[in-house]
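Since this is a predicted model, take the numbers as computed values, not measurements.
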Amino acid sequence: VQLQASGGGLVQAGGSLRLACAVSGRSITSLIMGWFRKAPGKDREFVAATWWINGRERYADSVKGRFTISRDVAKRTVYLQMNSLKPEDTAVYYCTSGATTAMITTTPNYWGQGTQVTVSS
C-alpha cells in the first residue's frame with residue numbers, strides 16, 4: 001500500500017485546512033485508514049481513523065468535534081477536514097493504514113510521507 005498525503009500549510013488559529021491521502025496498491029477494502037501527527041518534542045499521536053468498508057470513524061479526544069475524517073471510495077482518497085485549528089495542532093501529519101483497530105491507533109502497518117501543518121496564534 002502506498003500513501004500520498006497533501007494539503008498541509010500555514011493557517012491562523014481558528015482557521016481550517018483539509019488534508020488528502022491518495023491510496024494506491026493492493027486491495028484496500030479490508031483496511032482502516034488513519035492520520036497520525038508528530039509535533040516537535042512530543043510523541044507521535046493518533047488523530048483519526050475511518051474504515052474503508054463502512055465509513056466508521058474514530059477520533060482522538062483532542063480533535064473530537066473539530067476534525068472530520070472521510071473517504072471517497074471511488075477516488076481511493078481519505079480526507080481530514082480540520083476546523084477551529086489551534087496552535088497546538090501544529091505538527092507533521094501522516095496518513096496511515098492498518099488492518100486492525102489496535103494497529104491504526106498505535107502502530108499502523110503503512111505510513112505515507114508527512115505534510116506540515118502550522119497554526120499561528
Side-chain angles (χ1 to χ4, degrees):
V1 176
Q2 290 79 47
L3 308 174
Q4 181 71 39
S6 61
L10 172 64
V11 65
Q12 288 188 330
S16 299
L17 279 175
R18 188 176 80 156
L19 306 182
C21 175
V23 185
S24 60
R26 53 161 280 188
S27 172
I28 58 176
T29 304
S30 62
L31 292 178
I32 308 168
M33 301 300 301
W35 292 91
F36 263 72
R37 65 187 181 186
K38 175 73 171 67
K42 295 185 179 180
D43 292 335
R44 68 183 187 185
E45 174 188 24
F46 165 75
V47 175
T50 186
W51 278 245
W52 272 118
I53 197 167
N54 58 15
R56 174 189 168 194
E57 301 167 24
R58 182 166 178 164
Y59 298 94
D61 288 342
S62 58
V63 306
K64 206 171 289 184
R66 300 187 298 121
F67 290 12
T68 302
I69 190 170
S70 62
R71 85 239 191 276
D72 185 322
V73 175
K75 294 182 179 179
R76 293 171 65 105
T77 301
V78 177
Y79 303 97
L80 185 67
Q81 178 67 43
M82 305 184 292
N83 298 329
S84 301
L85 282 162
K86 305 175 181 179
E88 51 264 45
D89 293 318
T90 295
V92 177
Y93 284 71
Y94 297 90
C95 180
T96 62
S97 180
T100 68
T101 303
M103 284 183 180
I104 200 64
T105 56
T106 58
T107 54
N109 304 76
Y110 304 99
W111 292 75
Q113 93 290 359
T115 185
Q116 177 71 45
V117 172
T118 303
V119 184
S120 63
S121 57

For [X] and [Y], work out which heavy atoms get closest and say how close.
X	Y	result
Arg66	Ser84	NH1-O, 3.0 Å
Leu17	Leu85	N-CD1, 3.8 Å
Ser16	Asn83	OG-OD1, 2.9 Å

Taking the ring centre of each residue, are Phe46 and Trp35 less than 6.0 Å apart? no
Can Lys86 and Asp89 be counted as an ion pair, charged N to O under 4.0 angstrom? no
Charged N to carboxylate O under 4.0 angstrom, Asp43 versus Lys38? no
If we check side chain to side chain contact (heavy atoms under 4.5 Å, CB included) with Gln12, which of these qualifies: Ser120, Ser121, Pro87? Ser120
Answer yes or no: is there a donor N or O on one side and an acceptor on the other, between the side chain of [X] and the main chain of [Y], under 3.5 Å?
X	Y	answer
Tyr59	Ile69	yes
Arg44	Tyr94	no
Arg71	Trp51	yes
Arg76	Val23	yes
Glu57	Thr68	no
Arg56	Trp52	no
Thr90	Glu88	no
Thr96	Gly34	yes

Please work out whether the ring planes of Tyr93 and Phe67 are parallel, tilted or perpendicular, with thresholds of 30° and 60°. tilted
Just checking Ile53: does its CD1 atom have more than 12 heavy atoms from other residues, nucleotides or ligands closer to it than 6.0 angstrom? no
